[in-house]
Colleague: 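Pasting a structure below so you can have a look.
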Amino acid sequence: MPSQRRTRTFGLLFLITIIVILYTTRSGTQTHASDFYTKTQEALQQHEFAEAARQRDADSVGSRLRAAEEAAKKMADEKSAEYHKAVEGAGKDKSVAGRVKLDGDKASPVPGVAAQGGRPRDQQPVGGETAEDHDVEIELNAILKKSPVIIFSKSYCPHSARAKKILLSKYSITPAPYVVELDQHPLGARLQDTLAHMTGRRTVPNVLVQGKSIGGGDDVADLDETDTLVSTLKKLGGTRIADVLRKEGAPAAREMRRKRA
């Protein structure tokens, strides 16, 4: 049978254990309810929310950038494919026309420009001519065969707009003139260099009839005002130009000069 002293000792230890447990529980409750603990928890939560928001924004921006890069790459690939397809098509005689100059009904190649189809791609260029020069010749051949009347223009040029208005709006030309906007063409700068060498005119517009330049905006306007545009086109175009007529309702140049006088 345990002694009284041992019983008292066990009772005292039990009481101390109960007191420690109650104190710890109460302290924990007071700590969770304290202003410092509450503010600390709120600050931690706000920090977590801010980090999560920044991560979402970063993911969203990254997604938009990736989408924009993919769209730009896709557009560049499509442009490249279109250009190479056009070049390959021209090399296989799929083009409609070549660079020619007519004397009546007889056509002869214009010096400096490859004949239709050009040299084979695997043939070594002659006289320092590069593969790009060869591509420009083929492209120019293809363009000049689109129509007997070619308008080399730039979309933002007011003089080009004037020439296009006269040739496309005031006159009915069969077949219709073909417009090349050099600022929108992948080989525009090289085409302009070749035209400068071929025709002696570097500026735009540069209007060609069967490979021969009739000038720019002022020249076309002068031909219109002197009522010689129709005869000039018919003479240079030969049988390739089926008809040239002033459109119904378009004022004659002589009438316009009388009104200005």
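The basis for the numbers below is simple: all heavy atoms, side chains too, and nothing from hydrogens, waters or symmetry mates.
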Colleague: Quick one, His185 with Leu191, criterion side-chain contact (heavy atoms from CB on, under 4.5 Å). Give me CA distance, side-chain angles, the key distance, then yes/no.
Modeller: CA-CA 9 Å; His185 194 286; Leu191 286 170; 3.8 Å; yes

Colleague: Rounded to the nearest 0.5 Å, what's the gap from CG on Leu229 to CD1 on Ile214? Could you check?
Modeller: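 Output value for this atom pair is 6.0 Å.
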
Colleague: Kindly say whether Glu137 contributes a backbone atom to a donor-acceptor pair with the side chain of Asn141 at under 3.5 angstrom?
Modeller: yes

Colleague: The criterion is side chain to side chain contact (heavy atoms under 4.5 Å, CB included); which residues satisfy it with Thr203, sequence neighbours excluded?
Modeller: Arg201

Colleague: Out of curiosity, Leu140 CG to Leu208 CG, how far, rounded to the nearest 0.5 Å?
Modeller: 8.0 Å

Colleague: Could you state the interatomic distance from CG (Leu195) to CD (Gln192), rounded to the nearest 0.5 Å?
Modeller: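 Here the rounded value is 7.5 Å.
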
Colleague: Search all heavy atoms of Pro205 against all heavy atoms of Gly217 and return the closest pair with its distance.
Modeller: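 It is CG-N, 3.3 Å.
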
Colleague: CG/Asp219 to OG1/Thr232 distance, rounded to the nearest 0.5 angstrom?
Modeller: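 Asp219 CG to Thr232 OG1: 10.5 Å, rounded to 0.5 Å.
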
Colleague: For residues Thr130 and His134, determine if any side-chain heavy atom of one lies less than 4.5 Å from a side-chain heavy atom of the other.
Modeller: no

Colleague: Could you walk me through whether Tyr156 and Asp183 pass the side-chain contact (heavy atoms from CB on, under 4.5 Å) test, one step at a time?
Modeller: CA-CA 9 Å; Tyr156 55 82; Asp183 59 315; 3.6 Å; yes

Colleague: Would you please name every residue forming a side chain to side chain donor-acceptor pair (under 3.5 Å) with Asp243, sequence neighbours left out?
Modeller: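 With neighbours one apart ignored, the set is empty.
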
Colleague: Nearest 0.5 Å, please: how far is CZ in Phe152 from OG in Ser213?
Modeller: 10.0 Å

Colleague: For the residue pair Lys247 and Leu168, what are the closest heavy atoms and their distance?
Modeller: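 The answer is NZ-O, 2.9 Å.
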
Colleague: NE2/His159 to CG/Asn206 distance, rounded to the nearest 0.5 angstrom?
Modeller: 14.0 Å

Colleague: In chain order, what residues pass the side chain to side chain donor-acceptor pair (under 3.5 Å) check against Lys164, with sequence neighbours excluded?
Modeller: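 Lys164: side chain to side chain donor-acceptor pair (under 3.5 Å) contacts with Ser153, Glu181.
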
Colleague: Listed by chain and number, what are the side chain to side chain contact (heavy atoms under 4.5 Å, CB included) partners of Pro148, not counting sequence neighbours?
Modeller: Pro175, Gln210, Arg240, Ile241

Colleague: Measure the shortest side-chain to side-chain distance between Arg190 and Asp135 over non-hydrogen atoms and say whether it is less than 4.5 angstrom.
Modeller: no

Colleague: Looking at Asp227 and Arg246, is there a salt bridge between them, counting it only when a charged N and a carboxylate O are closer than 4.0 Å?
Modeller: yes

Colleague: For a side-chain contact (heavy atoms from CB on, under 4.5 Å) check, start with the C-alpha distance between Tyr171 and Leu245, then their side-chain angles and the critical distance, and finish with the verdict.
Modeller: CA-CA 6 Å; Tyr171 293 85; Leu245 295 172; over 6 Å; no

Colleague: Sort out for me which residue in Leu167, Ile166, Thr228 forms a side-chain contact (heavy atoms from CB on, under 4.5 Å) with Leu223.
Modeller: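 Single pass found, and it is Thr228.
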
Colleague: Tell me every residue that passes side chain to side chain contact (heavy atoms under 4.5 Å, CB included) with Asp218, counting only those two or more places apart in sequence or in another chain.
Modeller: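 Here the qualifying residues are Arg162.
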
Colleague: With sequence neighbours left out, what residues match Ile19 under side chain to side chain contact (heavy atoms under 4.5 Å, CB included)?
Modeller: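 Ile19: side chain to side chain contact (heavy atoms under 4.5 Å, CB included) contacts with Leu15.
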
